[in-house]
Amino acid sequence: MSIIKNLDFFPYPFKDDMYRYSNNSLPLEPPISIQLTPSYCEEIKLKRELLTEHPKRCFQSRPHAMRGQWEIVHMILEHLVSEYPNHFSLEKNGENWTFHNHILSEKQSFVSGDHTTLPFEPLDFIGRHVQEDLILMMERDGDLFLDAGQLCFPANWSLAFNVGMSFKEIHRPIPGFKEEGLDDRIVRFLMRMEAGEPWSRRNWSLMAGSRLDTSLETFDVWGKGRNEVTKENVGELVHLRVEVQKLFRLPRSNSILFTIHTHLLPLRTFVENKEWRRQFFELLKELPDQIAEYKGLSQYRQTVLEYLKSR
Ligand code: HEM
């Protein structure tokens with residue numbers, strides 16, 4: 001499981017002592033779509049198991065998304081090879097390409113642009129080599145639609161349910177998002193995004209447990225953990241869940257790649273940083289009820305606050 005033990009690597013998500021929904025995207029530096037962490041092998045194994053056992057839950061695509069899928073494959077291959085040349089390599093002979101994953105001792109030859117030469121659809125293939133979940137949002141009629149995705153570690157949402165939806169439809173469950181015009185502003189921001197100028201943001205929540213695969217479809221299995229938090233187990237059971245999300249404009253298919261890299265940190269480890277502990281206490285105490293409710297932490301918010309205070 002992707003539990004981070006070293007605080008130095010944890011993507012701390014908070015800027016202020018108060019949290020409200022906003023467009024908190026920042027220019028991505030360096031402009032790279034993927035990151036390998038020490039739990040690479042463990043997470044890739046889990047991803048592939050989930051894809052085998054629940055293919056429809058973890059991968060969806062619409063027929064017109066093939067071009068965008070290939071554009072993602074090309075970008076991620078380029079990033080893997082440039083960032084981790086000891087772990088990945090790519091041989092090109094015209095359109096005949098061979099990709100090597102040296103960590104897993106795997107090799108795949110294929111014809112670039114011809115999906116019939118791959119064992120899976122292009123996005124499903126490349127997603128099996130990276131820890132990120134990958135979502136393709138295609139632009140048409142002045143809007144963005146979720147037209148393909150590989151999603152193994154969702155924070156309580158369903159790819160099978162959301163496929164084909166527009167950005168605003170996807171974000172409808174979020175309290176205040178539409179009412180405050182945030183959805184309009186974010187769509188406008190996304191439509192203005194340009195190739196070569198990617199963005200990044202961090203999303204956070206708390207969760208009772210350390211599962212990465214918290215899909216909506218399995219809520220009955222993991223959701224009950226929320227009622228099991230006590231002052232004795234809170235430090236071990238409750239985790240801060242942070243998603244590092246990245247956005248890339250794909251110029252050829254006129255679409256956007258949205259990547260999600262999920263990190264989990266047990267509260268017990270989180271509280272070792274005094275400033276984080278102080279800031280999170282203030283923020284959680286002040287968090288509006290409707291956001292706490294949406295994030296699913298209302299049941300144990302008080303227990304977490306008491307724990308943070310007692311440290
Ligand atoms: C363009 C690709 C994006 C996709 C596919 C996407 C997808 C999602 C999904 C599926 C949810 C969960 C909705 C539910 O409860 O069913 C969500 C939540 C959310 N999204 Fe996005 N999103 C995208 C981009 C963004 C951007 C650019 C922002 C802000 C700048 C944003 C802000 C949020 C916020 C604030 C939440 C609520 C999260 C929470 O409270 O834990 N999203 N998004």
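We count ligands from 1, going down the list as the structure has it; atoms in each ligand are counted the same way.
Between His263 and Phe10, the two ring planes are perpendicular [angle over 60°; tilted spans 30° to 60°]. Using the six-membered ring where Trp is involved, His100 and His102 have ring planes that are parallel, under 30° apart on the 30 and 60° scheme.
At the top of the distance list for atom 16 (O) of ligand 1, counting protein heavy atoms only, stands Pro173 CG, 3.6 Å. When hydrogens are left out, the protein atom nearest atom 31 (C) of ligand 1 is Arg201 NH1, 3.5 Å; that is the closest non-hydrogen contact. Closest to atom 30 (C) of ligand 1 among all protein heavy atoms lies Asn23 OD1, 3.0 Å. Distance from atom 40 (O) of ligand 1 to its nearest protein heavy atom, with residue and atom name: Tyr21 OH, 2.5 Å. For atom 14 (C) of ligand 1, the closest heavy atom belonging to the protein is Tyr294 OH, 3.2 Å. What sits closest to atom 39 (C) of ligand 1 on the protein, heavy atoms only, is Lys295 NZ, 3.2 Å.
A donor atom on one side chain and an acceptor atom on the other are not found under 3.5 Å apart for Asp183 and His171.
Neither the backbone nor the side chain of Leu216 comes within contact range of ligand 1; no heavy atom lies under 4.0 Å.
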Side-chain donor/acceptor pairs under 3.5 Å, residues 159-168, sequence neighbours excluded:
| from | atom 1 | to | atom 2 | distance (Å) |
| --- | --- | --- | --- | --- |
| Ser166 | OG | Glu169 | N | 3.2 |
| Ser166 | OG | Glu169 | OE1 | 3.4 |
| Lys168 | NZ | Asp184 | OD1 | 2.6 |

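Counting only residues at least two apart or in different chains, salt bridge (Lys or Arg N to Asp or Glu O under 4.0 Å) contacts with residues 118-130 comprise Asp124-Arg128.
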Item to complete: Take Asn23 and Ser25 through the test side chain to side chain donor-acceptor pair (under 3.5 Å) and record every step on the way to the result.
Response: CA-CA 6 Å; Asn23 183 357; Ser25 308; 2.7 Å; yes
Practice prompt. Applying side chain to side chain contact (heavy atoms under 4.5 Å, CB included), run through Leu146 and Ile170 and close with a yes or a no.
Written response: CA-CA 9 Å; Leu146 199 170; Ile170 291 171; 3.9 Å; yes
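The hydrophobic clustering, which links ILVMFWY residues whose side-chain heavy atoms are closer than 4.5 Å, places Ile135 and Phe189 together.
Taking the centre of each ring, Tyr40 and His87 stay at or above the 6.0 Å mark.
Of the options Phe258, Trp157, Tyr19, Phe161, the smallest heavy-atom separation from atom 10 (C) of ligand 1 is shown by Trp157.
A side chain to side chain contact (heavy atoms under 4.5 Å, CB included) with Trp276 is found for exactly one of Phe281, Phe14, Tyr12, namely Tyr12.
Ligand 1 lies within reach of Trp204, whose nearest heavy atom is under 4.0 Å from it. Heavy atoms of Trp199 stay at 4.0 angstrom or farther from ligand 1.
Within the listing of ligand 1, atoms 10 (C) sit less than 4.0 angstrom from a heavy atom of Asn162. Residue Ser25 has at least one heavy-atom neighbour below 4.0 Å for each of these atoms of ligand 1: 30 (C). Using a 4.0 Å cut-off to heavy atoms of Met137, the atoms of ligand 1 that qualify are 1 (C), 2 (C), 5 (C).
A search for side-chain hydrogen bond (donor to acceptor under 3.5 Å, both in side chains) contacts involving Tyr21 returns nothing, not counting sequence neighbours.
In this structure, Gln69 contributes its side chain and Leu123 its backbone to a donor-acceptor pair below 3.5 Å.
Protein N/O/S atoms found under 2.8 Å from atom 21 (Fe) of ligand 1, listed by chain and residue number: His171 NE2.
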